[in-house]
Amino acid sequence: MSALSNEYWKRTHTCGELTGENTDQEVLLCGWVNTRRDHGGLIFIDLRDRYGITQVVIDPAQEAQEKGNNNNLNNPNNLLDRGSEIRNEFVLSVRGVVRGRPANMVNSKLKTGEIELLVKDLTLLSRAETPPFVVEDDVDASETLRLKHRYLDLRRSTMQRNLFVRSQFIQITREYLAGENFMDIETPILFKSTPEGARDYLVPSRVNPGAFYALPQSPQILKQLLMISGMDRYYQIARCFRDEDLRADRQPEFSQIDIELSFTDEETIFALLEGLMKRAYKEILNMDIPTPFNRLTYKEAMENYGVDKPDTRFELKLQDAGEIFANTGFNAFKSVLSSGGRIKGICVKGAAEGNAAFSRKDFDQYTKYVSNFGAKGLAWLKVIKTGPETELNSPIAKFLSQKEQVALTKTFSANAGDVIFIIADKDPDVVFAGLGALRLQIGRDRGLIDQSAFHFHWVTEFPMFEYSVEEKRYVAKHHPFTQPLDEDREKFLKDEDLPKLRAAAYDLVLNGHEVAGGSLRIHEPDIQAAMFRALNMSEDQIQSQFGFFMEALKYGTPPHGGIAVGIERNIMILVGTEAIRDVMAFPKTQKASCLMSNCPSVTAPEQLAELQISLLKQKPGSSQRSDMMKLKN
RNA sequence: GGGGGCGUAGUUAAGUUGGUUAUAACGCCGGCCUGUCACGCCGGAGGCCGCGGGUUCGAGUCCCGUCGCUCCCGCCA
């Protein structure tokens, strides 16, 4: 069989654009067979491409009536024969005439539903085996199968839309930042490992045996060096790599809009991002996002929501009950307070009585749920109406004085029918984490979250340091190039009160997700040196890991700062999906493997030898062994 | 590293206290059909019940192990 001429795929239109205005035009469409409805002497084919679906009709009787204007009309029977051979996902070239549909046959579900294409010639460009799942919008297949045949999954309109929105978002970003004088500069993917932070992906160097590059966790140092170079305003759509465990919103490689500016301050950066988001939401969703965004300090976020990335689409804020129990006789609470712990809670409206009431089982499940976050218990108190008064109904009620019960009701603004949940723990982080997670869970369970809302806000004044139990030292909460807040600079230089110092670091939070994070950077060499010392790094470590950077700082560094916007998380929320896998073309599974290509895979011994790498003996049953088994089959 | 959920035709699921030949829908194959758009009607094929062990007269079902997918904790500056 000779090759087809490319005349067959010189499309005049896409499958999403023909309307009544094109009636009687002769057109050529190309696409995939979405469905075929064979009526014997009449065949309907829904032809699909990225732009939409157009109904194509093989109707020899109609065709015969319309003799005249075409000189290479096929034998009608031949057309029907070919039509009946067609199966889902075949690739077709269809030449035909656009026909308006009678009013009662218009399909209002299709953009092109007021017309159809009467086939004059139909050519099979490519056959397809029966796909492992039916390619349709409401896909009826497990994610495992979808990932194995990702190229088929990506034919679905939801996936195509997700990737299109992502493309739009990046395009808008480029235009916006170019308009603000930003320069797109690429930085290396093969770079130096910097042990602070996440685990690195390493790449062996063949020409330097035993030495490794690391894939960047972010271009942080490089973009700061660009500021020292006088690039003034830099951005990059930067791929980042982190070898840590995956989550629904975490992949080993992801992209961020990496931004850095010289001679800047927080207000400038906030306004820049607000402008970007406003424009993106307007152009993509035609939605007006109010700016400037609200701001919360880290402390306010923790006290009110228990997390540093609060979902503010619903209330259900945390209240403090520490004062109520300052002199309590209830030993459990008393010991928590005396050892520096916290007692906080939330009040759930209308959850004590009626149809929407929590059952004993619900309480047990929530108790179990908060235990995931370290909470040893969850107290619950139902507010019950007893005549004109209310009283608390709870396993712990008998331990609480009348005064405490009244104060509780008041502090939580609780009415009859409400339920108060309380967590008390010696470790304040457990109280925050437990209640923060409980608040979110109850918000979801009780439908308190407005799914169509987009709530942006800034979280500011993050702590500079947090203590690492594992490493027995303080580590930078953001990263070690972050400047202390001006008010805390003196204390920082005196090395005082490290856990209480605040950084000029900020996150942009959207619907409970951290969608961007940044800081003002240290531009003074002595401050940077003090920072490394605070992190308990020796001079040798500083030299070997960051010597080149310390050197660069000495040659005239402008004050600078920046931010990085997580592209996948933003798009995920924009298109309303739960996993960032849905906004990436070829994502990895939770074990960081690709089901389509089966990577990572075993490397040939020769390839390892060339790199002078030998493998340690594998544990029996390890994934490497099972991979080798797979290869043998 | 730890905890939860899932794994049965091509696909999505059902499968009772362990007991005949493992169901259904969609898809697939064949036939019929000129107005469908979830086309319709008739017929048919299709199973290592993830894998390996164990208990039992008998295992999709119970037990142990293992692999894979997923959600969460730790981790993710």
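Just so it is clear: chains get the letters A, B, ... in the order the sequence lines come, proteins before strands, and each one is counted from 1. Both backbone and side-chain heavy atoms feed into the values below; hydrogens, waters and symmetry mates do not.
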Original post:
Do the ring centers of A/Tyr305 and A/Phe432 come within less than 6.0 Å of each other?
Top reply: no

Original post:
Would a 4.5 Å heavy-atom cut-off, applied to side chains only, mark A/Lys309 and A/Asp507 as touching?
Top reply: no

**OP:** Give A/Asp243 one of three labels, base, sugar-phosphate or nothing, depending on what nucleic acid heavy atoms sit under 4.0 Å from its own.
**Re:** nothing

Original post:
Considering all heavy atoms of both residues, which atom of A/Ile259 and which atom of A/Lys223 are nearest to each other, and what is their separation?
Top reply: O-NZ, 3.1 Å

Original post:
If you pin A/Lys109 and A/Ala579 to their nearest nucleotides in RNA chain B, which one's is more 5'?
Top reply: A/Lys109

Original post:
Nearest of B/G74, B/G27, B/U70 to any side-chain atom of A/Thr130?
Top reply: B/G27

Original post:
Ring-on-base stacking between A/His39 and B/C39, under 5.5 Å between centres and under 30° between planes: is it there?
Top reply: yes

Subject >> Ring centres under 6.0 angstrom apart (A/Phe546, A/Phe532) >> reply: yes

Original post:
5'-most contact on RNA chain B: A/His479 or A/Tyr369, nearest heavy atom basis?
Top reply: A/Tyr369

Original post:
Hey, would you say the A/Phe363 and A/Phe421 ring centroids sit under 6.0 Å apart?
Top reply: yes

**OP:** Could you go through the side chain to side chain contact (heavy atoms under 4.5 Å, CB included) check for A/Arg87 and A/Arg36 one step at a time?
**Re:** CA-CA 7 Å; A/Arg87 294 294 180 271; A/Arg36 179 191 56 124; 3.5 Å; yes

Subject >> Opposite nucleotide pairing with B/C41, Watson-Crick or G-U, both atom distances under 3.5 Å >> reply: B/G31

Original post:
Which one, B/G35, B/U70, B/C75, comes nearest to the side chain of A/Arg581?
Top reply: B/U70

**OP:** Could you walk me through whether A/Met159 and A/Val139 pass side chain to side chain contact (heavy atoms under 4.5 Å, CB included), step by step?
**Re:** CA-CA 11 Å; A/Met159 292 305 295; A/Val139 70; over 6 Å; no

**OP:** Determine the contact category for A/Asn107: base if any of its heavy atoms lies under 4.0 Å from a base atom, sugar-phosphate if only primed atoms, P, OP1 or OP2 are that close, otherwise nothing.
**Re:** base

Original post:
Quick one: A/Phe373 CZ to B/G3 C1', roughly how many Å, whole number?
Top reply: 11 Å

Original post:
At under 4.0 Å between heavy atoms, what does A/Arg101 touch on the DNA or RNA strands: base, sugar-phosphate, or nothing?
Top reply: base

Original post:
Using purine N1 to pyrimidine N3 plus N6-O4 or O6-N4 for Watson-Crick, or N1-O2 and O6-N3 for G-U wobble, both under 3.5 Å, which nucleotide pairs with B/G74?
Top reply: none

Original post:
Of the nucleotides B/G35, B/C28, B/U70, which one has an atom closest to the side chain of A/Gln590?
Top reply: B/U70

**OP:** Can you tell me, in whole Å, how much space there is between the C1' of B/C49 and that of B/U61?
**Re:** 10 Å

Original post:
For the residue pair A/Phe465 and A/Phe492, does the interplanar ring angle fall in the parallel (under 30°), tilted (30 to 60°) or perpendicular (over 60°) class?
Top reply: parallel

Original post:
Between B/G19 and B/C75, how far is it from one P atom to the other, in whole Å?
Top reply: 47 Å

**OP:** Side chain of A/Glu116 only, please: which of B/C69, B/G35, B/C75 is the nearest?
**Re:** B/G35

Subject >> Nucleotide nearest A/Lys591 (side chain, heavy atoms from C-beta), chosen from B/C72, B/G68, B/C28 >> reply: B/G68

Strictly under 3.5 Å: I want the nitrogen or oxygen pairs between protein and nucleotides 7-11 of chain B, one per line.
unit_1: B/G10; atom_1: O2'; unit_2: A/Pro132; atom_2: O; d: 3.1
unit_1: B/U11; atom_1: O2'; unit_2: A/Asp140; atom_2: O; d: 2.4

Subject >> Who pairs with B/C69 - Watson-Crick or G-U, where each distance is under 3.5 Å >> reply: B/G5

Subject >> Which nucleotide in B/C37, B/C69, B/U36 has an atom nearest any side-chain atom of A/Leu595 >> reply: B/C69

Original post:
Which nucleotide sits closest to the side chain of A/Asp46: B/C37, B/G30, B/U36?
Top reply: B/C37

Subject >> Nucleotide nearest A/Ala198 (side chain, heavy atoms from C-beta), chosen from B/C69, B/C33, B/C76 >> reply: B/C76

Original post:
For A/Asn104, which contact category applies under a 4.0 Å heavy-atom criterion: base, sugar-phosphate, or nothing?
Top reply: nothing

Subject >> Nearest-angstrom distance, P atom, B/C67 to B/C29 >> reply: 39 Å

Original post:
Taking atom C1' of B/C76 as reference, at what distance in whole Å does atom CZ of A/Phe241 sit?
Top reply: 16 Å

**OP:** Tell me what A/Arg36 touches on the nucleic acid: a base, only sugar-phosphate, or nothing, going by heavy atoms under 4.0 Å.
**Re:** nothing

Subject >> Nearest-Å distance for atom pair CG/P, residues A/Asp200 and B/C75 >> reply: 18 Å

**OP:** Can you tell me, in whole Å, how much space there is between the P of B/G65 and that of B/C26?
**Re:** 41 Å

Original post:
If you measure from the P atom in B/C69 to the same atom in B/G30, how many Å do you get, rounded?
Top reply: 36 Å

**OP:** Indicate, with a heavy-atom threshold strictly under 4.0 Å, whether A/Glu470 touches base, sugar-phosphate, or nothing.
**Re:** nothing

Original post:
Looking only at side-chain N and O atoms, does A/Ser593 come under 4.0 Å of OP1 or OP2 in B/C69?
Top reply: yes

Original post:
The side chain of A/Glu244 lies closest to which of these nucleotides: B/C75, B/C72, B/G30?
Top reply: B/C75

